[in-house]
Amino acid sequence: SLKGYNTDWEAAIGAIEAQLGSGERPLEGKTVVVVLIANRNPERAEALAASIEGAEAVSWEDLQEGHVAGDVLANTTSVGMVPNVEDTPVPAAGLQKAKYALVFDAVYTPMEARASHTRLLKDAAASGSITVSGLEMFVGQAAAQFKLFTGEAGPVDLMRQKVLDSLQAN
């Protein structure tokens, strides 16, 4: 029989919690805002939200204008990835208005100084938010998959180094 696993959520939440740091479950009690759909089609947002218990669709415009507030903003779209590095799902003004404590961006390129620096993360840092790059999710997925295949903890530092080397070479 075949068995499938999703390591995306585990890696994303792990990257966010590692940056928050405080305690075993630092996200407990926090409000997380997630951009569910990159497509700006409101009907698709509504359909996806309806398929997920407890999810709510919000307008792309409200998110961009800072009307959608929470402790953590998690961008899981490809907006801002190479080659469209100046694109962002939430402009600087929206980030400043919403005042997210932490902003996570699943996008891991572009790379600067061996770290992911999307427009979203640059603007979030400038507005005072803690930032978490998609690089940590990328490495977390690899580590989770390694454990699923081998039953052993993966060499996370080596994995991170290999990803960085590969991205810097491109």
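Keep in mind the model is a prediction, meaning the values are calculated, not measured.
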For Asp62, is there any backbone N or O sitting under 3.5 Å from a side-chain donor or acceptor partner on Ser59? yes
State, to 0.1 Å, how close Ala69 and Ala98 come at their nearest heavy-atom pair, and which atoms those are. CB-O, 4.3 Å
For Leu148, the other hydrophobic cluster members (4.5 Å side-chain criterion, sorted by chain and number) are Tyr5
Answer yes if Val163 and Val156 sit in the same cluster of Ile, Leu, Val, Met, Phe, Trp and Tyr residues linked by side chain heavy atoms under 4.5 Å apart, and no otherwise. yes
Which atom of Ala49 lies closest to which atom of Glu56, heavy atoms considered: CB-C, 3.9 Å
Side chains of Val90 and Leu63, heavy atoms from C-beta outward: is any pair under 4.5 Å? yes
Residue pair Leu73, Leu95: steps toward the side-chain contact (heavy atoms from CB on, under 4.5 Å) verdict: CA-CA 9 Å; Leu73 172 70; Leu95 292 167; 4.0 Å; yes
Calculate, to the nearest 0.5 Å, the distance between atoms CD and OG1 belonging to Glu86 and Thr118 respectively. 10.5 Å
Note: Phe146 and Met159 closest approach over all heavy atoms is CB-CE, 3.7 Å
Please tell me whether Thr7 and Gln145 have a donor and an acceptor in their side chains that are separated by less than 3.5 angstrom. yes
Given 3.5 Å as the limit, does a donor-acceptor pair link the side chain of Ser78 with the main chain of Met81, or not? no
How about Pro91 and Asp123: do any of their side-chain heavy atoms sit closer than 4.5 Å? no
Rounded to the nearest 0.5 Å, how far apart are CD of Glu17 and CD of Glu136? 14.0 Å
Interatomic distance, Thr77 atom OG1 to Leu120 atom CG [nearest 0.5 angstrom]: 8.5 Å
Under a 4.5 Å cut-off applied to non-hydrogen side-chain atoms, are Asn75 and Phe104 in contact? no
Heavy-atom pair of closest approach, residues Lys122 and His117: CE-O, 3.6 Å
Report the residues that fulfil side-chain contact (heavy atoms from CB on, under 4.5 Å) with Ser129, sequence neighbours left out, ordered by chain and then residue number. Tyr100, Val103, Ala124, Ser127
Nearest 0.5 Å, please: how far is CG in Asp105 from OG1 in Thr131? 9.5 Å
Between Lys162 and Asp165, does any side-chain N to carboxylate O distance fall below 4.0 Å? no
Could you give the distance from CD (Gln141) to CD (Glu10), rounded to the nearest 0.5 Å? 10.0 Å
Grab the two heavy atoms, one from Asp87 and one from Arg119, that are nearest each other, plus how far apart they are. O-CB, 3.8 Å
Restricting to salt bridge (charged side-chain N to carboxylate O under 4.0 Å, His left out), what partner residues turn up for Lys147, sequence neighbours left out? none
Between atom OG1 of Thr109 and atom CZ of Phe138, what is the distance when rounded to the nearest 0.5 Å? 10.0 Å
Heavy-atom nearest pair, Ala11 first then Gly140, reads CB-C, 3.6 Å
